[in-house]
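Take a look at the structure set out below.
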Amino acid sequence: MSEETLTAETTKGVSGGRPTHDEHGHITDFGYVKIFVILAVITAVEVVWSYVNVPSYVFIPILFLMMLVKFYLVAAEFMHLKYDIKLFSMLFVTGLVLAGGVYLIFLSASQIWQSF
Amino acid sequence: MAIIENPLELESGDVVRVAERPLGVLTRPSGNTGWQSWLFTVDHKRIGIMYGAFAMFFFLIGGLEALAIRLQLAVPNGKILSPETYNQVFTMHGVTMIFLVIMPLAAAFANYLLPLQLGARDVAFPRMNALSLWVFLAGGIFLCSSLFIGGWFENVPNGGWFNYAPNSGTLFSPTKGIDFYAIGLQILGIASLVSAINLIVTTLNMRAEGMSLMRMPVLSWMLLVVQFLLLFALPVITVALFLLMFDRLWGANFFNVEMGADPLLWQHLFWIFGHPEVYILILPSFGIISEVIPVFSRKPIFGYSFMVGSGIAIGFLGWGVWAHHMFVSGIGPISVAAFSVSTMMIAVPTGVKILNWVATMWGGRIQLTTAMLFAVGVVSMFTIGGLSGVTHAASAADTQQTDTYYIVAHFHYVIFGGALLGIFSGFYFWWPKMFGYKLNETWGKWNFWLQIVGFNLTFGPMHILGLQGMSRRIDSYDPGYGFELWNMVSSIGSFVIFAGVFIFLINVFVSKRQAEHLPPVGPDPWDARSLEWMTASPTPEHNFDTEIVIDSLDHFWHQKYGYDDDGNVVRIAYAEDVAHDGSATNVHLPSPSYWPIVLASGFPFVGYGLIYNYWLCAIGGFLIVGAIFGWVFEHPDDPDAAHGHHDDHGDDDGHDGHEVDEGTTENAEADLVTADSATDAGEASDG
Amino acid sequence: MAEAVLDHADAHDAHDAHEGHVHKTNTGMSNNKLAMWVFLGSECLLFGGLISTYLLYRHNIQDGPGPSEEFFDIPFTSASSFVLLMSSLTMVLAHSAAERGDQKRLKIWLLSTALLGSVFVSGQIYEFTVFVREGLGWSTSPFSSAFYALTGFHGVHVTIGIIMLLSTFISTLRGRMHPGNAETVEIVGLYWHFVDIVWVFIFTVIYLAA
Ligand SMILES: [Cu+2]
């Protein structure tokens, strides 16, 4: 992150300032629709899965797995994290990891997992 | 001379004419003289100075509260404060000193110095910067108004700064005090969060050319870490405060033990925030002395990358230790053991820092200026505080120490001995940069010695009192437990501190008077190393005359010093030769704005409204929403501001000539870039 | 309230300060977009705290109803989750239209995103009234307080998003939007998608895992 910023500002002006715009082209509108369809299908499967009678140690992990896939697709594709600079992903992942870390520790210390 | 192109400037194709007459009635504030130039400013330096000034005002309030506590405890069975008032006073002392003094004082340095040290023109969002300042002030006034609203000491927060549940519920705290706490801290949290986002973006995006992250001064690094801590820690306490507010105002059940609620929920949320908060308080001071010590040891900082790395490590580790505040609250042996170990680990990066400061001084040509004395004071006093901290990382020992004066001693060594002394070091060090004159060294030494002696007299004996079993937060003690002597010593010490602080205030005025008869201090009175010294003192409004290109750590120092054939350091230039004289007039700066202060003024109304009468919320909401609309329709740059009072440029079609309709942008943008190159003068030449 | 103002501040800075486009920044990204990502990092801990509170009190239902398949109307909530998901699609289409400079589609997609968001919020309000009728009041139990606090916070976020979308829509009508300003749409979109993924999480944790 640090070194690449040293490039001298040789091309001052409109052309120099928009490194991301080409990359947005990675997804077409049709591509977005495809991702949406995947998301919709997963949601449907989730809902059906919630009616299936399986023990909770099978039910919960698979449910959360599907949730994580949805989460990833929206963040990576709709929010462009996959195509934007890594710093954005780092910021977001730091927030997620910190939140996950401290709150999971807090919940474990409060012994809530038996209730699942 | 290159014309400065800077991210702050007017974006090309988007000159909004509405902007010049907010709401169609008021004209945009302009100029940089008089009280308006402070109230509506978006200049990071003025904002920084105001942060400092307001924080010093709250410092006096918090200090008076401390003196009241010490008067009460000076002799057994003190009669100065009733038990109820005592609770209120120690609570307000803690909350004031943490949220209204140390944090804003750190914000003062962050605002003033960060853009300068990074070689930037201003922060990324100047108006949001002003917003942070005014929201902080609004929150501070709101919180302190609890002292007299509804009668003197009737509705003051009284649950301690960590305000444990269920004591904070309406059942046990029926006055409005805790409501003031919950809402006041939320308002202050908004200020800090806005400021954190702003400064993070500034640091990541606005650095001068060549200023890679690993060339940033240690202070900039520590401030960046602090902003990240604020960013991630504030939402946690925001949740806790919201839940508390819901409980108290609208009968929710988050902390209602009658309904089987878990009082540890508050403790966890509070301390998940609370421990990073400790580093939020201390790291700015670490940064300050990391600037001061090398300058007055005539050596570069020892182990720069370790200094940076240990700061980051402290920031990260600080997230995994919060339950050391809860060792006796019944969290179970596994949690206690895990948090005990993680807490001890924090001593490692902290130790690295202390060793690096010592190694920086080692073999240096030390100049014991007041700034340096305070910095050395931090190193030694913080070491004591850190060591007593390790003793409560050990959970068995902590079980004995919890809620005794030993804890009070520990955190005052850390927060007063660490954070506050560092901030005083910063005052003495950067005063000439901020105001153009040095603080008097003789008064300064009196200031230092009184403060450090008073500090040790006040808080040193508390270690003993705590180990003797004296509980904190109890308004009186009976004679015969052996508490009398040390309490008296401690109370005397607190007045010595007060004298020290008083001398600081005198020093400010005396030095200003004396400065009239002294030659100007010049850009670089201390022969220092970082970029803020590379421009005139006091800093001109536009910071630097030209864009600086950084080629190394301590860039400025390397402009002044080189090596001769034998490898010895020799001076190659004087500061006056390489520093900017602040004479540039062709710099376009962001324009002042009414909206930040208007927006901020809405918050106390919302706060009082929630407590007393919802109609006040409507007024507050109107102010906030109205200000947001005004803000939106106002361009960050007022095109008119560049005109009227500057004759030093001939190209009067600057930005104004380019109103761009949709669709024609690309050309217009290209035009505008050219227009920008003949940039209009901002307010710079007025100053 | 706090959140509300911050979101506004962010979004509106997005409207008026487009610094990053023309001038260089160290990351090559505009200040506005970076600020939004920084802010979203912070929001993770806000919602994390509320979700943890909910998990802590999930079974503390006192005499009131609790989280169960019978109590929740899963088909209804699934439908409103689908609506919110769909709004993410229209949002992203709005952004892509903005980048192409396609004014007409930009307006259509912005408006439909706001509409879908409103449908979601209306659904939530309807759901709340049903729950209250069934005996789950705000003060009924720690569970009820935590449930309403979490979903309510999310609903407020959606509402703020709708206001941001409508403001953006109005500024397109006033001709202030042009391809150079596509980033405004993108930043509003980031916020909108974030609110959506928070719902993805909440929907799973509260409703499906019940
Ligand atoms: Cu701690």
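We name chains A, B, ... by the order of the sequence lines, and we start the count at 1 in each one. All heavy atoms count here, side chains included; hydrogens, waters and symmetry mates do not.
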So which part of [X] gets closer than 4.5 Å to some heavy atom of chain C, the side chain, the backbone, both or neither?
X	answer
A/F88	both
A/L81	side chain
A/L96	both

Judged by modelled atom types alone, do [X] and [Y] share a side-chain donor-acceptor pair under 3.5 Å?
X	Y	value
C/T77	C/E127	yes
C/N60	C/S141	no
C/Q124	C/H154	no
C/W192	C/S88	no
C/S30	C/E183	yes

Proximal component of [X], with respect to chain A [non-hydrogen, under 4.5 Å]:
X	result
C/I51	neither
C/F194	both
C/F201	both
C/M86	both

inquiry  = Can you tell whether the side chains of A/K34 and A/D29 come within less than 4.0 Å, N to carboxylate O?
reply    = no

message = Classify the ring geometry of A/H80 against A/Y32: parallel below 30°, tilted from 30° to 60°, perpendicular beyond 60°.
response =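 A/H80 vs A/Y32 ring planes: perpendicular.
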
key: Heavy-atom pair count under 4.5 Å with chain A, highest-scoring of C/V38, C/L40, C/L85   =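 Maximum pair count with chain A is reached by C/L85.
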
Contact leader toward chain C among A/T43, A/L91, A/L68, where contacts are heavy-atom pairs under 4.5 Å = A/L91

ask   = In terms of heavy-atom pairs under 4.5 Å with chain C, which of A/V74, A/V102, A/L63, A/I35 leads?
value =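 Sorted descending by pairs with chain C, the first entry is A/L63.
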
Results of side-chain hydrogen bond (donor to acceptor under 3.5 Å, both in side chains) for C/T159 - residues two or more places apart only =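 Partners of C/T159 under the side-chain hydrogen bond (donor to acceptor under 3.5 Å, both in side chains) test: none.
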
Value rounded to 0.5 Å, distance of CG in C/L106 from CZ in C/F169 = 9.0 Å

Contact residues of residues 64-75 of chain C (partner chain A; heavy-atom separation under 4.5 angstrom) =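 Against chain A, the residues of residues 64-75 of chain C that fall inside the cut-off (heavy atoms, under 4.5 Å) are C/E69, C/I74, C/P75.
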
Near-ring test C/Y148/C/F131, centroid separation under 6.0 angstrom =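 Aromatic pair excluded; centres sit 6.0 Å or further apart.
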
query = When the aromatic ring centroids of A/F78 and A/F36 are compared, is their separation below 6.0 Å?
reply = no

